[in-house]
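Below is one structure, written out as structure tokens; comments come after it.
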Amino acid sequence: MNLKDYLSQKLNQALTELDLPSVDFQLAPTKNPQFGDLSTNLALILAKQAKQNPIELANKLKSELDLDNSFVREVSVTPPGFINFTFSNHYLFEALNDVLNKGVDYGKSDMGTGQSANVEFVSANPTGPLTVGHGRQSVLGDTVGNILQWHGYNVTREYYYNDAGRQMRILGQSVAARYFQELGKDIALPEDGYQGSYIKDIAKSIIVDQGQELTKESPLFRELAEKTIFSDIRESLKQIGIVHDQFTNEKTFYESGAIDDIVESLKKKDLVYESEGASWFRTTALGKEQDRVLIKSSGEPTYRLPDIAYHRNKLDRKFDLVVDIFGADHQDTYPDVLSALEALDYDVSSIRVLIHQFVTLIRSGEVVKMSTRKANFVTLDELTNLVGKDVVRYFFIMRGMNSHLNFDLDLAQDQSEKNPVYYLQYAHARIVNILKHGEHLDFKYSTDFNAERLTHDSELTLLKSIGEFPDIMAMALKSLEPQLIANYLHGLAGHFHRFYSDCRVITDDKELSQARLALIFGAKTVIANGLSILGVNAPDRM
RNA sequence: GCGCCCGUAGCUCAGUUGGAUAGAGCGCUUGCCUCCGGAGCAAGAGGUCACAGGUUCGAAUCCUGUCGGGCGUACCA
């Protein structure tokens with residue numbers, strides 16, 4: 001039984017009894033234990049329209065409530081008019097039993113059961129290695145996928161790329177230039193060429209594998225560069241536990257005729273016109289500031305057009321939920337894609353777009369402007385090799401996606417030794433160790449224990465925290481903001497560490513020891529479940 | 001110029017439908033292992049929540065303006 005639901009039901013009943021209007025109120029955990037565990041602002045909100053003093057109103061509501069005291073031990077009213085509820089210990093013990101019974105499933109819901117979701121993320125074109133900038137989106141997308149799976153969604157992780165555009169053409173030319181340079185010919189990099197040393201490596205391996213007779217126009221330069229770089233990208237992702245289920249190439253939408261079809265359909269709606277040799281999308285007719293080019297005067301579509309085709313394709317695949325993870329640089333473009341689809345009579349309500357801000361890289365106290373083309377970047381691999389998968393994942397997920405975070409490379413290693421992720425992992429390892437220690441002394445964790453023996457503040461605080469996990473996961477599903485989980489776990493680990501220093505688990509008091517073993521087993525379960533959603537290891541030893 | 005995001009402790013950042021005394025880590029000061037792991041715990045110093053107005057019983061949170069930063073504002077993606 002969810003206590004929140006129970007209480008809001010009871011409060012609504014009280015409103016009816018008192019002939020008061022029903023209103024949207026809050027029922028939230030308190031920050032300060034002196035106000036109990038849950039508190040509501042109901043009386044405060046109602047005071048004005050009921051034309052009553054909020055405290056008097058709160059007291060009336062309080063006396064109208066008929067609460068089961070096996071759930072709620074105490075109800076109080078505090079200024080300026082909050083009604084506060086304190087859990088009964090019995091309720092907390094029920095929550096603990098719930099964790100122990102459900103184990104690895106504790107905190108799951110069936111809100112997504114039977115539904116499919118597509119999460120598109122990374123989607124970097126294979127022009128160079130992934131950078132720490134890509135790391136943020138990679139971890140964010142994968143974790144959002146985990147959250148959806150946790151609630152029962154059948155999740156497809158998708159990577160969308162374009163191997164036929166301008167970027168890739170320049171990539172091929174860059175490799176060709178290095179190839180001929182290696183062979184002693186004086187051919188300059190193209191003006192916007194890729195300057196990274198990986199281009200030379202690719203050129204060298206082409207000399208080894210394909211010989212020295214390739215012509216400047218050979219498609220092999222671009223094709224082999226793509227193949228090599230893509231395999232590096234996949235490996236970089238794999239290093240931090242990320243595997244995509246599907247790779248979708250923009251090119252397929254040209255070949256299938258989808259691109260032409262989009263243009264034709266938009267033309268029929270009079271949303272496309274020709275001007276200065278280009279085809280324009282009449283977005284002003286859809287309430288936008290300015291029209292946008294769909295097909296350049298060169299005959300090449302802009303990225304917008306295949307994006308529309310791609311999203312139509314995703315809608316045609318009938319996912320119940322389509323999540324796009326974009327960097328802040330795409331902020332302006334997805335609304336056009338959505339309006340195009342709406343203009344084509346598609347329902348876009350299943351599309352959720354998550355925009356994340358960029359990582360600012362700082363090296364030697366200076367901001368580094370990252371550019372793949374100019375080879376001014378720190379790769380994701382370098383970071384992973386430096387601090388390891390768990391730190392990389394936790395570092396990128398512990399901050400909100402809207403924060404413009406600064407990443408100081410010089411501090412990365414230093415900070416990694418103090419990284420908050422170890423705080424969580426250490427709590428887990430500590431618990432495992434206590435359980436082992438207990439078994440050694442013939443104290444074995446069992447679901448048969450007397451919860452009434454848990455009376456210490458540290459025990460009850462830990463217990464409450466454990467019980468909040470399902471709520472946190474429901475919030476994470478609603479907001480798709482993984483840092484909620486990281487914040488919660490940090491708090492939970494803190495409650496455990498405090499409990500640990502206040503209370504000894506294995507003692508001469510067998511009954512108490514059994515109860516505490518059950519408590520820490522519950523804590524371990526939640527930490528492990530939470531970390532698994534973040535894609536972070538929960539080690540038995542560190 | 002216009003649009004989106006942001007401005008919270010020395011530094012990096014939490015603070016989620018507006019709630020009670022604004023938090024954590026790092027760094028700094030000081031205590032705590034004969035005892036389940038000290039990668040921990042406890043305590044201290046450190047704040048005009050950029051600034052100015054407004055809404056409200058109540059604002060870091062919502063609104064307006066100013067200042068500062070990031071990203072867009074391409075026939076790049």
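Each chain gets a letter, A, B and so on, in the order its sequence line appears, and its residues count up from 1. Because the structure is a prediction, the values reported are computed rather than measured.
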query: Where do Arg393(A) and Asn146(A) come nearest, in terms of heavy atoms and distance?
result: NH2-ND2, 4.1 Å

- request: Please report the closest heavy-atom contact between Leu517(A) and Leu435(A), naming both atoms and the distance.
  value: CD2-CD2, 3.7 Å

With under 30° as parallel and over 60° as perpendicular, where do the rings of [X] and [Y] fit, or are they tilted in between?
| X | Y | result |
| --- | --- | --- |
| Tyr198(A) | Phe377(A) | tilted |
| Tyr426(A) | His497(A) | parallel |
| His356(A) | Phe358(A) | perpendicular |

If the cut-off is 4.0 Å, is [X] near the phosphate of [N], judged by side-chain N/O to OP1 or OP2?
| X | N | value |
| --- | --- | --- |
| Arg430(A) | rG38(B) | yes |
| Ser403(A) | rA14(B) | yes |
| Gln483(A) | rU16(B) | no |
| Gln331(A) | rG70(B) | no |

Between the base of [N] and the side chain of [X], is there a donor and acceptor pair under 3.5 angstrom?
| X | N | result |
| --- | --- | --- |
| Tyr422(A) | rA39(B) | no |
| Asn84(A) | rA20(B) | yes |
| Ser297(A) | rC75(B) | yes |
| His497(A) | rC41(B) | no |
| Asn32(A) | rU21(B) | yes |
| Thr333(A) | rA77(B) | no |

Looking only at the side chain of [X] (C-beta and beyond, no hydrogens), which of the listed nucleotides [options] gets closest?
| X | options | answer |
| --- | --- | --- |
| Ile434(A) | rG38(B), rC36(B), rG70(B) | rC36(B) |
| Gln26(A) | rA20(B), rG19(B), rC71(B) | rG19(B) |
| Arg166(A) | rC75(B), rC76(B), rG70(B) | rC76(B) |
| Asp329(A) | rC57(B), rA77(B), rA20(B) | rA77(B) |
| Tyr500(A) | rG40(B), rC71(B), rC36(B) | rC36(B) |
| His404(A) | rU21(B), rA77(B), rC5(B) | rC5(B) |
| Thr78(A) | rA20(B), rC75(B), rG70(B) | rA20(B) |
| Glu250(A) | rA77(B), rA39(B), rA14(B) | rA77(B) |
| Trp280(A) | rC75(B), rC36(B), rG70(B) | rC75(B) |
| Tyr303(A) | rU73(B), rA77(B), rC71(B) | rA77(B) |

Looking at every strand, decide which applies to [X] at a 4.0 Å heavy-atom threshold: base, sugar-phosphate, or nothing.
| X | value |
| --- | --- |
| Glu276(A) | base |
| Glu300(A) | nothing |
| Phe496(A) | nothing |
| Lys369(A) | sugar-phosphate |
| Ile295(A) | nothing |
| Gly400(A) | sugar-phosphate |
| Lys478(A) | nothing |
| Asn487(A) | sugar-phosphate |
| Ser39(A) | base |
| Arg304(A) | nothing |
| Asn402(A) | sugar-phosphate |

Grab the [atom1]-[atom2] distance between [X] and [N] for me, whole Å please.
| X | N | atom1 | atom2 | result |
| --- | --- | --- | --- | --- |
| Met401(A) | rC4(B) | CE | P | 19 Å |
| Asp163(A) | rA77(B) | CG | P | 14 Å |
| Asp291(A) | rU73(B) | CG | P | 16 Å |
| Asp457(A) | rA42(B) | CG | P | 13 Å |
| Tyr426(A) | rC41(B) | OH | C1' | 10 Å |
| Ile485(A) | rA14(B) | CD1 | P | 16 Å |

[Y] and [X] side chains, donor-acceptor separation under 3.5 Å:
| X | Y | value |
| --- | --- | --- |
| Asp324(A) | His311(A) | yes |
| Tyr273(A) | Asp291(A) | yes |
| Ser371(A) | Asn376(A) | no |
| Glu158(A) | Tyr310(A) | yes |

- prompt: Base of rC33(B) relative to its sugar, syn (within 90° of 0) or anti?
  reply: syn

Separation between CG of Leu489(A) and CG of Leu531(A), rounded to the nearest 0.5 Å: 5.5 Å

task: State the CZ-CD1 distance between Phe326(A) and Ile355(A), to the nearest 0.5 angstrom.
output: 7.0 Å

Using Watson-Crick or G-U wobble geometry with both distances below 3.5 Å, tell me the partner of [N], or none.
| N | answer |
| --- | --- |
| rU16(B) | none |
| rA59(B) | none |
| rA45(B) | none |
| rG65(B) | rC51(B) |
| rU21(B) | none |
| rC4(B) | rG70(B) |
| rG40(B) | rC32(B) |

message: Before you tell me yes or no, could you show the steps for Val392(A) and Val132(A) under side-chain contact (heavy atoms from CB on, under 4.5 Å), namely the whole-Å CA-CA distance, both residues' side-chain angles and the distance that decides it to 0.1 Å?
response: CA-CA 9 Å; Val392(A) 170; Val132(A) 295; over 6 Å; no

query: Want to settle it: does Ile362(A) or Val293(A) sit nearer the 5' end of RNA chain B, counting the closest nucleotide to each?
result: Ile362(A)

task: Please figure out whether Thr30(A) or Phe395(A) has its closest RNA chain B nucleotide nearer the 5' end.
output: Phe395(A)

query: With centres under 5.5 Å and planes under 30° as the test, does Phe35(A) stack with rA20(B)?
result: yes

Could you list all N or O pairs between the protein and nucleotides 24-30 of chain B that sit under 3.5 Å apart?
none

